[in-house]
Amino acid sequence: MNICMIGTGYVGLVTGACFAELGYKVTCVDNDPRKIGMLKIGEMPIYEPGLEKLVRKNVAAKRLFFSMSIADAIQNADFAFIAVGTPPRSDGSADLSYVENVAREIATHMKKYLVIVEKSTVPVETCEWVKKTVTKFNRKKVPFDVVSNPEFLREGTAVHDFSKPDRVIVGVESERAKKAMARLYAPLRCPIVFTDTKSAEIIKHASNSFLATKISYINSVARICEKVGANVEQVAQGMGFDPRIGRSFLNAGCGFGGFCFPKDLEAFLWISKKLGADFEMLESVKKVNEEQMIHFVRKIEESLWIVSGKTVGILGLAFKPHTDDMRFAPSIDIIRMLQERGAKIQAYDPISMPNAKKVLQNVALKDSIYEAARGADALVIVTEWPQFKKMDLKKIKKLLTHPTIVDGRNLFDPEAMKKLGFHYASVGRKPV
Ligand code: UGA
């Protein structure tokens, strides 16, 4: 089976490479000459663990190709995946102009029956619009189906998530498309949930919003814990044993970020308002998350007393570990608020520093954890990279001007930190 994957961002490139690994012939298309140029010489435009190896292997096996032309890539394709960006507009709605352009181009160039798969995260009813657009520009009346197949890949573990999915969601409107999609995903041997296209589109927005809700929920609980001196980690553990609740996504912290949760929350809110079914609860989820970052900065302020003129070392800039993605990273807002209060910032991230350089101003980017700590009045942990958990705390203590750590990801045990002589503040637990 031949696949044309349009869009080589985090979703398109990972999905394309993983389909090639399953044995399909995949052409990844992008209109960005820089990205296609890099991919053609074996360089990755993004950092995603395992991706480079997979791409190189499948290029060598002549199963994975790169092109700038939808017209060429679509010639022999059985499936055309739309995996282009749907960035947020200023009113929170998703900008679907890339999706529309691609739909039009597919319609103009397709030659034989094609399953057009909507992979980008889109508001409900987008599939219908794609179908209308393709119908309008499909002058040769080539048969086609439009399918919704939302992705559930987490950055940092995307290759694994594709290969071992909990489920695959496929929204279809015809038996022919259903059979084709079932055949496509059969090698993964996972449950395939077939729905109508609108339900599939809602599953994606509802899933991301629900996970964001879990995080804001536990962050709200963390604030109560802080008021009374309880421990949010113990609370989450106790709640998580109930299978109806589950422990995952109950990690309190300094807020969620990334290009998915904040954007999808906004888009789901926007579409629900537009449909007259206001999802007010999600406004609170958003508000709690924004406040969580402010609350965290206050915690740093409480540890330092006067922030102005102090040096703060920041550990972790990417929105989560194992990615170089800085989009909507909590570090950006936290650093800005600290700078507004007059702090000097020095920071370290294992992977995202080239991207961080583009979005952060007046931040001294350091080469290691220890250089970020050297001479700082406090060390602040924003992203839970595993190497931070293993850092040499005795060495850190010597490098800091004052042994103060403010931990936005609860990496350490407060009592152990106290024994080591740190002033240690974390989220939803008593400072020591
Ligand atoms: C998220 C979803 O988890 C994926 O299923 C989905 O496919 C993806 O969005 C998408 O729509 O493309 P991702 O944004 O890569 O994946 O990262 P997550 O692991 O979900 O983390 C998102 C944010 O929540 C991070 O900032 C993380 O630090 C934060 N988080 C996560 C918490 O603060 N607490 C938690 O317990 C879990």
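Keep in mind that the numbers below use all heavy atoms, side chains included, and drop hydrogens, waters and symmetry copies. All ligand and atom numbering here is 1-based and tracks the order in the structure.
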Are the side chains of Pro350 and Phe388 in touch, meaning some heavy atoms are under 4.5 Å apart? yes
Any idea which part of His205 is under 4.0 Å from ligand 1, heavy-atom wise: side chain, backbone, both or neither? neither
Within-4.5 Å side-chain heavy-atom neighbours: Val159 and Pro49: no
If we check side chain to side chain contact (heavy atoms under 4.5 Å, CB included) with Arg341, which of these qualifies: Val307, Leu304, Ile300? Val307
Measure Tyr10 to ligand 1 on non-hydrogen atoms and call it side chain, backbone, both or neither using the 4.0 Å cut-off. neither
Residue, atom name and distance, where the atom is the protein heavy atom closest to atom 11 (O) of ligand 1: Lys204 NZ, 2.6 Å
Would you mind checking which non-hydrogen protein atom is closest to atom 9 (O) of ligand 1, with the distance to 0.1 Å? Cys260 CB, 3.2 Å
Just wondering, are more than 12 heavy atoms of other shown residues or ligands nearer than 6.0 Å to CG in Asp242? yes
Who passes side chain to side chain contact (heavy atoms under 4.5 Å, CB included) against Asn410, sequence neighbours left out? Val232, Glu233, Ser426, Val427, Arg429
In this structure, atom 5 (O) of ligand 1 is nearest to the protein heavy atom Phe152 O, 3.5 Å
Which residue and atom name correspond to the protein heavy atom nearest atom 12 (O) of ligand 1, and how close is it? Glu151 OE2, 2.6 Å
Just to confirm my output: which protein heavy-atom neighbour is closest to atom 17 (O) of ligand 1, and how far is it? Lys320 NZ, 3.2 Å
is_close_aromatic(Phe19, Phe81), centroid dist under 6.0 Å: yes
Quick check: does Arg409 get an N/O under 3.5 Å from an N/O on ligand 1? yes
Would you mind telling me if ligand 1 is within reach of the side chain of Asn208, the backbone, both or neither, using heavy atoms under 4.0 Å? side chain
Give me the residue, atom name and distance of the protein heavy atom closest to atom 15 (O) of ligand 1. Glu155 N, 2.7 Å
Name the option, out of Asp264, Asn251, Asn410, that contains the heavy atom nearest to atom 35 (C) of ligand 1. Asn251
Could you verify whether a donor N or O on one side chain and an acceptor N or O on the other, from Glu173 and Thr197, lie under 3.5 Å apart? yes
Testing the 3.5 Å rule here: is there a donor-acceptor pair between the side chains of His322 and Thr157? no
Nearest-neighbour protein heavy atom for atom 4 (C) of ligand 1, which is reported as residue plus atom name and distance: Leu153 O, 3.6 Å
Within the supplied structure, the quantity of interest is the number of heavy atoms (other residues, nucleotides, ligands) at a distance under 6.0 Å from Lys164 NZ; does it exceed 12? no
Shortest protein contact, atom 24 (O) of ligand 1 (heavy atom only): Phe256 CB, 3.2 Å
If we count only N and O atoms by modelled type, under 3.5 Å, do the side chains of Ser352 and Asn355 hold a donor and an acceptor together? no
Does any N or O of ligand 1 fall below 3.5 Å from an N or O anywhere on Gly258, backbone included? no
Which bit of Val11 gets closer than 4.0 Å to ligand 1, counting heavy atoms only: side chain, backbone, both or neither? neither
Look at ligand 1 and say whether Gly257 reaches it with a heavy atom at a distance under 4.0 Å. yes
Tell me the nearest of Phe319, Phe259, Phe328, Phe261 to atom 14 (O) of ligand 1, using heavy-atom distances. Phe319
Quick one: does any side-chain atom of Arg63 pair with a main-chain N or O of Ala20 as donor and acceptor, under 3.5 Å? yes
May I ask whether Thr157 has any heavy atom positioned less than 4.0 angstrom from an atom of ligand 1? no
